[in-house]
Each structure stands twice: as structure tokens, then as C-alpha cells.
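See below for the structure under consideration.
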Protein chains: 2
Amino acid sequence: MTKKEQMVVEAKARAKVLKALAHPTRLWMLEQLEGGEKCVCEFVEPLGLDFSTVSKHLAVMKQAGIVEDEKRGKQVFYTLKVPCVLNFMHCIEAVIAAGNNS
Amino acid sequence: MTKKEQMVVEAKARAKVLKALAHPTRLWMLEQLEGGEKCVCEFVEPLGLDFSTVSKHLAVMKQAGIVEDEKRGKQVFYTLKVPCVLNFMHCIEAVIAAGNNS
DNA sequence: TTGTTATTTGGCAACATAACCAAGCATAAT
DNA sequence: ATTATGCTTGGTTATGTTGCCAAATAACAA
């Protein structure tokens, strides 16, 4: 594999993770997970979304490796697996603060 | 505006920036921009994409406030406006390294 | 002026995403 | 055993994204 091909492969893997972060609902849930594990049901009402929709959003983040799930009784609890994703928000804020000159 | 509404508004703004990052082609271009400004034409051949496609990708990042453009002569040069976006890649790598347990 | 080069814009087709609802599957309660 | 709860999966629809092509624009060259 050439160096360029390698970079493309890596870019794809990174894009998958970023895509999993790039949704307001998922970002909001991640922020909630900063305070510790939450079960699916705890997101449903505050978000005003269908149970299935919330479940699917969590599945996207799980698939990307950002969160972990654990079934206990009837409930499934999700945890932040790689907390550093939240640190990045400072940089994102800098982008927003800088504004767009379009 | 309630605290929760505020958080949703902020999550939307952040999601927009993350969405602009969440594409392999755009990530690859950002990495190239780490070495300094590049004109649109410099991306076209290495990526093997249409000129218009490359231009649109750059427009997405400009709109999000990640890059800036400057026209000089016939060419348009793009620069990284908020270089910290590249630092985040370390965390993304951590997510990838951790893998998914699905 | 006419042509050429660098880039953007508009249009369209293919594909992906996000929402809902309904149905399925465990686990716990009666 | 039956019912209820918590969650996931499949189906559908609406919407968004990405790619190409063709046409428009802008700057420079002949």
C-alpha cells in the first residue's frame, strides 16, 4: 500500500468516528454521559424522540467505538468509552467563535 | 431560553462543524493544509475527483468556519483557519484503537 | 476581442440518514 | 403461564449528501 492509499484508509476510519459525533442529538447524549452511565429510557423523554430513534442513535455511537453498552435486568446502560471526545469541544467552540466569512 | 434548549442550540452548532469534518476527502485535504495553503487545483489530481466536487468540499469547510479562502489571480488558495482541529485526531485515533465491541 | 485557465454554481442520479410506527425479544412481575 | 417493561429491528417516508456533467464567471493571455 502506498503512503497516499494509507492516508485515505486512515481518513475513512476517522471520518466514521466523526460522523458518529456529528449529530445534535448524539452530542447532547454524549454530554449527558459525561456525568456517568445512562440507560436508553433516560434519554427518551428529555429528547422528545421515539424510543427506537434514541436506540438507533446510541447504536451508531457504539458501532463507532465511542460508547459501550451493558445490559442489567431489563435496562441497557450506556457509558462513554473514550471521554476525550468531549475535550475536543473546546476546539469546536473556537471554530464557532471565529465565525464564517462567506 | 431554558438551559436544555440552550444545550440543544449549542449541540446543533457543534454538529455542523463536526459534519464538515466527517468526510474522508475533507479530512485528507485538512491534513494537506497543515503544511500551508493550497489551491483547489492541487487537490484535484491526487484525489481523482472532479474539480467541482473538490470545490464543493472546500466550500463546506469554509461555511463551517474551518478554512479560509483567498483569491490570487486565477487561483483560489485555502488555509486552515483553526489548526486545533488536527490535534483532535489523537483522540479519534484512541477511539479507533479501542475498537468496537459490537 | 477572443480564447484559455481556475473556479464556482446548478442540475440530476445514486445513495445514505433520521424520523416514525409496528413487530419482535428478552427479562421481570403477577 | 400471562402480562408488562425496556430495548432493538425492520419497514417506510422524507430529507440530505456526494458524485458527475454542463454552464456560468473571473482573470489573464494572445
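What you see below is based on every heavy atom in this structure, not just the backbone, and it leaves out hydrogens, waters and symmetry mates. Numbered from 1 within each chain, the chains take letters A, B, ... in sequence-line order.
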Nucleotide N/O of nucleotides 20-24 of chain D paired with protein N/O under 3.5 Å:
from, atom 1, to, atom 2, distance (Å)
D/dC20, OP2, B/D50, N, 3.0
D/dC20, OP2, B/T53, OG1, 2.8
D/dC20, N4, B/K56, NZ, 3.0
D/dC21, N4, B/S52, OG, 2.9

N/O to N/O distances under 3.5 Å, protein versus nucleotides 28-30 of chain D:
none

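Side chain of B/R14 to main chain of A/I92: no donor-acceptor pair is present (N/O by atom type, distance under 3.5 Å, no hydrogens or angles).
If you take CG of B/L18 and P of D/dG16, they are 19 Å apart, rounded to a whole angstrom. At whole-Å resolution of the value, CD in B/E70 and C1' in C/dT7 are 15 Å apart. Taking atom CE of B/M29 as the reference point, atom P of D/dT18 lies 11 Å away to the nearest angstrom.
In this model, the phosphate group of C/dT17 is not approached by any side-chain N or O of A/H57 to a distance below 4.0 Å at OP1 or OP2. An OP1 or OP2 oxygen of D/dG6 is reached within less than 4.0 angstrom by no side-chain nitrogen or oxygen of A/Y78. Taking side-chain N and O atoms only, B/K71 has no distance below 4.0 Å to OP1 or OP2 of C/dT8.
The OG1 atom of A/T79 sits 8.0 Å away from atom CG of A/D69, with the distance rounded to the nearest 0.5 Å. Taken from CG in B/L21 to NZ in B/K16, the straight-line distance is 12.5 Å, to the nearest 0.5 Å.
The side chain of A/S55 approaches D/dC7 more closely than any other nucleotide in the set C/dT7, D/dC7, C/dA18. Among the nucleotides D/dC7, C/dA19, C/dA16, the one closest to the side chain of A/T25 is C/dA19.
Across all non-hydrogen atoms, the minimal contact from A/V67 to A/L58 is CG2-O, 4.0 Å.
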**Request:** Show your reasoning for whether side chain to side chain contact (heavy atoms under 4.5 Å, CB included) applies to B/M29 and B/M61.
**Result:** CA-CA 10 Å; B/M29 292 196 289; B/M61 295 197 285; 4.0 Å; yes

**Message:** side chain to side chain contact (heavy atoms under 4.5 Å, CB included) for A/L49 and A/V44? Distances and angles first, verdict last.
**Reply:** CA-CA 6 Å; A/L49 292 172; A/V44 173; over 6 Å; no

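A tilted orientation is assigned to the rings of A/H23 and A/H57, their planes being inclined by 30° to 60°.
Using a cutoff of 4.0 Å between basic side-chain nitrogens and carboxylate oxygens, A/R72 and A/E37 are scored as salt-bridged.
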